[in-house]
Amino acid sequence: MSHLVWASVTRIVDREGARVTWDRRPRDQWRSGDYVVARVDRPDGGLIEAPDGHRIDVEPGDMVVGVLGTRRATLEVVGDWAEVGHDGVMQTLTRAGLFGSVTSVASFARPYVVDLTYQGHLRLDGAFQSMSDWALAAPARPADRRTPAIVLIGTSMSSGKTTTARVLIRRLTGMGLSVAGAKLAGVARLADTLAMRDSGARATWDFVDAGLPSTVAAPEVVTRASERVLAAVDAERADILVCEVGASPLEPYRGDTVLDLLGDRIVLTVLCASDPYAVVGAIEAFGVRPDVVAGRAAATSAARALVARLSGLEALDATDPQRWSRLEEIVEDALGSIDGA
């Protein structure tokens, strides 16, 4: 009997005690966010991120429960469920279980792509399943308190946002503050919010909780999902939200939509840049002037000096313990405008 593996995009599904089956659906009935079962066809298998965040080695013939979705990564994988043909041949677009047809992939990322063949749409107790069936509820009314936010944006993926978020959360909790964590734009992956929780955030959410496999979607769809996450954040009544906006605001993950929605919640903006020149490009392209620069562009004294010369901004290596006191000063200044802080 084939081994059934549940990918981390299924973590919002309550399947306890349910009868699990799957059936094929006509190709014209497929939709983004549908949960599907696919057979591993890659001869050497691959890795899948499980609902609790650990990685599972899958082998040929294993069945993986994932979701139909879209990815537009500038550095790794580009793919779309809509490109899957009637033969059902597809691939993993992320280890989290985002499935679609790969249309472009960086050479270094190719070994991480797992070949699959569609077997059917997931049923629980006979009912077909979609992410929207398990999404956070829409807020019934405006919150009586809007949680202030420290926002991390990047010049690209892998620019240091999650690493910086972890350090910020540790510093904030060390200052005696309760912290919520969220990722409001990007592609399904549990590792980012799990890192926030491991660093001390008392609760975390992302767009998966709101029913999206990625935020490559219409602006109004991303807005509705983000509103649901922010309603959950506000209900938690944490002192501060550390919010990561995945990829960069100009990529098709609707980071610009998320920033507009956050609006006056934002008390501090951290730009994680891949290099000093990207800082200038980000300011000009995004129309956002951050409060501080972090990430790879702050890795050395030479890089920090160049950031200052090119942009006039302070760059700070958040991974350097000798800079943590300065980071706390910046945070304290930002929080000084919040009543009760």
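- Under the 4.0 Å criterion applied to side-chain N and carboxylate O atoms, D87 and R27 are not assigned as salt-bridge partners.
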Worked check of salt bridge (Lys or Arg N to Asp or Glu O under 4.0 Å) between D192 and K161: CA-CA 9 Å; D192 295 337; K161 294 185 293 297; over 6 Å; no
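- At distances below 3.5 Å, not a single donor-acceptor pair connects side-chain atoms of E76 with backbone N or O atoms of T74.
- Using a 4.5 Å heavy-atom cutoff, the side chains of R15 and W6 are in contact.
- T92 contributes no side-chain N or O that, together with a main-chain N or O of G97, makes up a donor-acceptor pair within less than 3.5 Å.
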For the pair R323 and E314, evaluate salt bridge (Lys or Arg N to Asp or Glu O under 4.0 Å) and give the outcome as yes or no after the intermediate values. CA-CA 12 Å; R323 302 299 295 160; E314 179 178 0; 3.6 Å; yes
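- Atom CZ of R296 has 12 or fewer heavy atoms from other residues, nucleotides or ligands within 6.0 Å.
- Residue pairs meeting the salt bridge (Lys or Arg N to Asp or Glu O under 4.0 Å) criterion with at least one member in residues 254-263: none, sequence neighbours excluded.
- If you check the side chains of H3 and D62, you find no donor sitting under 3.5 Å from an acceptor.
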Take S101 and D80, measure what side chain to side chain contact (heavy atoms under 4.5 Å, CB included) needs, and give me the verdict at the end. CA-CA 5 Å; S101 178; D80 196 331; over 6 Å; no
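- I266 and I153 fall within the same hydrophobic cluster, defined by Ile, Leu, Val, Met, Phe, Trp and Tyr side-chain heavy atoms under 4.5 Å apart, directly or through other members.
- The minimum heavy-atom distance linking V222 with T215 is given by the pair CG2-O, 3.6 Å.
- Using a 4.0 Å cut-off between charged side-chain N and carboxylate O, R146 and D264 make a salt bridge.
- Among all heavy-atom pairs drawn from A278 and S274, the shortest one is CB-OG, 3.8 Å.
- Alongside L310, the hydrophobic cluster contains Y277, V280, L306 (criterion: ILVMFWY side chains under 4.5 Å).
- Considering CD of E244 and SG of C272, their distance stands at 8.0 Å, rounded to 0.5 Å.
- No donor-acceptor pair closer than 3.5 Å links the side chain of R189 to the backbone N or O of A96.
- Side-chain N or O atoms of R42 include one that pairs as donor or acceptor with a backbone N or O of P111 at under 3.5 Å.
- Using a 4.5 Å cut-off on side-chain heavy atoms (C-beta onward), S301 and R304 make contact.
- Heavy atoms of other residues, nucleotides or ligands lying less than 6.0 angstrom from CD of Q322 number 12 at most.
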List the steps, then state whether side chain to side chain contact (heavy atoms under 4.5 Å, CB included) holds for V245 with L152. CA-CA 6 Å; V245 178; L152 296 102; over 6 Å; no
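- The hydrophobic cluster containing V40 does not contain L98, counting ILVMFWY residues as joined when their side-chain heavy atoms lie under 4.5 angstrom apart, directly or transitively.
- The line from CG of L313 to CG of D291 is 8.5 Å long, rounded to the nearest 0.5 Å.
- Cation-pi geometry between R25 and F128 is met: under 6.0 angstrom from the ring centre, within 45 degrees of the axis.
- Residues L262 and L184 have side chains in contact (heavy-atom distance under 4.5 Å, counting atoms from C-beta outward).
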Output a table of donor-acceptor pairs, distance under 3.5 Å, between side-chain atoms of residues 204-211 and any protein atom two or more places apart or on a different chain; print 'none' if there are none.
unit_1, atom_1, unit_2, atom_2, d
D206, OD1, R11, NH2, 2.6
D206, OD1, V208, N, 3.0
D206, OD1, D209, N, 3.4
D206, OD2, R11, NH2, 3.0
D209, OD1, R11, NH1, 3.2
D209, OD2, D206, N, 2.9

Run the side chain to side chain contact (heavy atoms under 4.5 Å, CB included) test on R166 and T163 for me, step by step, so that the C-alpha distance in whole Å, both residues' side-chain angles and the decisive distance to 0.1 Å come before the verdict. CA-CA 5 Å; R166 287 173 39 230; T163 298; 4.1 Å; yes
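- Residues Y118 and D23 share a closest heavy-atom pair of OH-O, 3.8 Å.
- The backbone N or O of L177 sits nowhere less than 3.5 Å from a side-chain atom of D239 that would complete a donor-acceptor pair.
- Between the side chain of T173 and the backbone N or O of R170 there is at least one donor-acceptor pair closer than 3.5 Å.
- G45 approaches V114 most closely through the heavy-atom pair O-CG2, 4.2 Å.
- In this structure, V37 and V64 have side chains that are not in contact, with every pair of non-hydrogen atoms separated by 4.5 Å or more.
- Hydrophobic clustering of Ile, Leu, Val, Met, Phe, Trp and Tyr side chains at less than 4.5 Å, counting indirect connections, unites V216 with V67.
- Considering only heavy atoms from C-beta on, L316 comes within 4.5 Å of R326 through its side chain.
- No donor-acceptor pair under 3.5 Å is formed between the side chain of S226 and the backbone N or O of T223.
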Verify side chain to side chain contact (heavy atoms under 4.5 Å, CB included) between V267 and I240, making sure each step is shown before the conclusion. CA-CA 10 Å; V267 297; I240 190 74; 4.1 Å; yes
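- Considering CD1 of I150 and CG of L335, their distance stands at 5.5 Å, rounded to 0.5 Å.
- A distance-only check finds no donor-acceptor pair linking the side chain of E59 to the backbone of D57 [under 3.5 Å].
- The heavy-atom pair separating A273 from T155 by the smallest distance is CA-OG1, 3.4 Å.
- Side-chain contact of S8 with E49: a donor-acceptor pair under 3.5 Å is present, judged by distance alone.
- For the pair R123 and W22, the cation-pi test (distance below 6.0 Å, angle within 45°) is failed.
- You'll find the side chain of V77 stays beyond 4.5 Å of the side chain of T94, heavy atoms only.
- Rounded to the nearest 0.5 Å, atoms CZ (R31) and NE2 (H121) are 9.0 Å apart.
- Considering every non-hydrogen atom in both S159 and G154, the closest pair reads OG-CA, 3.7 Å.
- Residues P290 and V270 are not in side-chain contact: their nearest non-hydrogen atoms beyond the backbone lie 4.5 Å or more apart.
- A distance-only check finds a donor-acceptor pair linking the side chain of Y35 to the backbone of V9 [under 3.5 Å].
- With hydrogens and angles ignored, the 3.5 Å screen pairs no side-chain donor or acceptor of R95 with any backbone N or O of A50.
- Taking the side chain as every heavy atom from C-beta outward, M90 and L68 approach each other to under 4.5 Å.
- Under a hydrophobic clustering in which Ile, Leu, Val, Met, Phe, Trp and Tyr are joined whenever their side-chain heavy atoms come within less than 4.5 Å, directly or via other members, V84 and L122 fall into different clusters.
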